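Handing you a structure now.
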Amino acid sequence: MPKIDKEMVQFEKDLLQSIGEMKRGEHAAVHTAEQIVPRKRGRPLGTIKETPKVSTTIRFDADLLEALKSGGRGWQTPE
């Protein structure tokens, strides 16, 4: 008798479950043209933060920058 692979048994169960759900229409909803709204340009709604980060520039003396870099890799990342 051949050895039964538990992973393949689970795959077969999941596949049969998916086929059953598909036949019952649980997974693939059909949309009409009226339900489909064309995507507008720009970021999707709700993805813009209330308080967005602000870009800035800071200048250091060369000796201070060298001291910061001497900390090794990741010196720019806050701990």
Side-chain angles (χ1 to χ4, degrees):
M1 182 170 230
K3 184 177 177 182
I4 298 175
D5 186 4
K6 292 179 183 179
E7 206 173 297
M8 286 304 294
V9 171
Q10 185 62 45
F11 174 76
E12 182 181 15
K13 286 180 184 177
D14 293 341
L15 183 61
L16 291 173
Q17 179 182 353
S18 293
I19 292 171
E21 290 172 352
M22 182 185 67
K23 285 182 178 180
R24 292 187 299 275
E26 294 176 3
H27 271 320
V30 178
H31 299 285
T32 63
E34 294 80 28
Q35 293 173 317
I36 300 171
V37 179
R39 184 172 183 268
K40 296 180 181 178
R41 292 178 57 157
R43 292 181 179 258
L45 293 176
T47 60
I48 299 174
K49 295 182 178 181
E50 283 185 35
T51 55
K53 295 181 180 180
V54 178
S55 176
T56 186
T57 302
I58 188 167
R59 296 170 61 97
F60 292 115
D61 289 333
D63 56 339
L64 175 61
L65 186 58
E66 203 55 43
L68 291 170
K69 287 182 178 182
S70 71
R73 185 176 182 175
W75 66 272
Q76 293 174 316
T77 308
E79 293 182 16

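These numbers come from the heavy atoms of this one structure, side chains and all, not from hydrogens, waters or symmetry mates. Computed from a predicted structure; not experimentally measured. Each residue takes its place number in the sequence, starting with 1.
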* Report the residues that fulfil side-chain contact (heavy atoms from CB on, under 4.5 Å) with Asp5, sequence neighbours left out, ordered by chain and then residue number. =>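 Once residues adjacent in sequence are excluded, the partners of Asp5 under the side-chain contact (heavy atoms from CB on, under 4.5 Å) criterion are Glu7, Met8.
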
* **Non-neighbouring partners of Val9 that pass side-chain contact (heavy atoms from CB on, under 4.5 Å), sequence neighbours left out** =>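 Once residues adjacent in sequence are excluded, the partners of Val9 under the side-chain contact (heavy atoms from CB on, under 4.5 Å) criterion are Ile4, Lys13.
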
* Structure fact -> Leu15 meets the side-chain contact (heavy atoms from CB on, under 4.5 Å) criterion, sequence neighbours left out, with Phe11, Ile19

* To do: Applying side chain to side chain donor-acceptor pair (under 3.5 Å), name anything that partners Gln76, two or more places apart in sequence or on another chain.
  => none

* To do: Sequence neighbours left out, what passes side chain to side chain donor-acceptor pair (under 3.5 Å) with Gln10? Give chain and number order.
  => Asp14

* Which atoms form the tightest heavy-atom contact between Trp75 and Leu65, and what is the distance? ->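 Looking at all heavy atoms of both residues, the shortest contact is CH2-CD1, 3.7 Å.
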
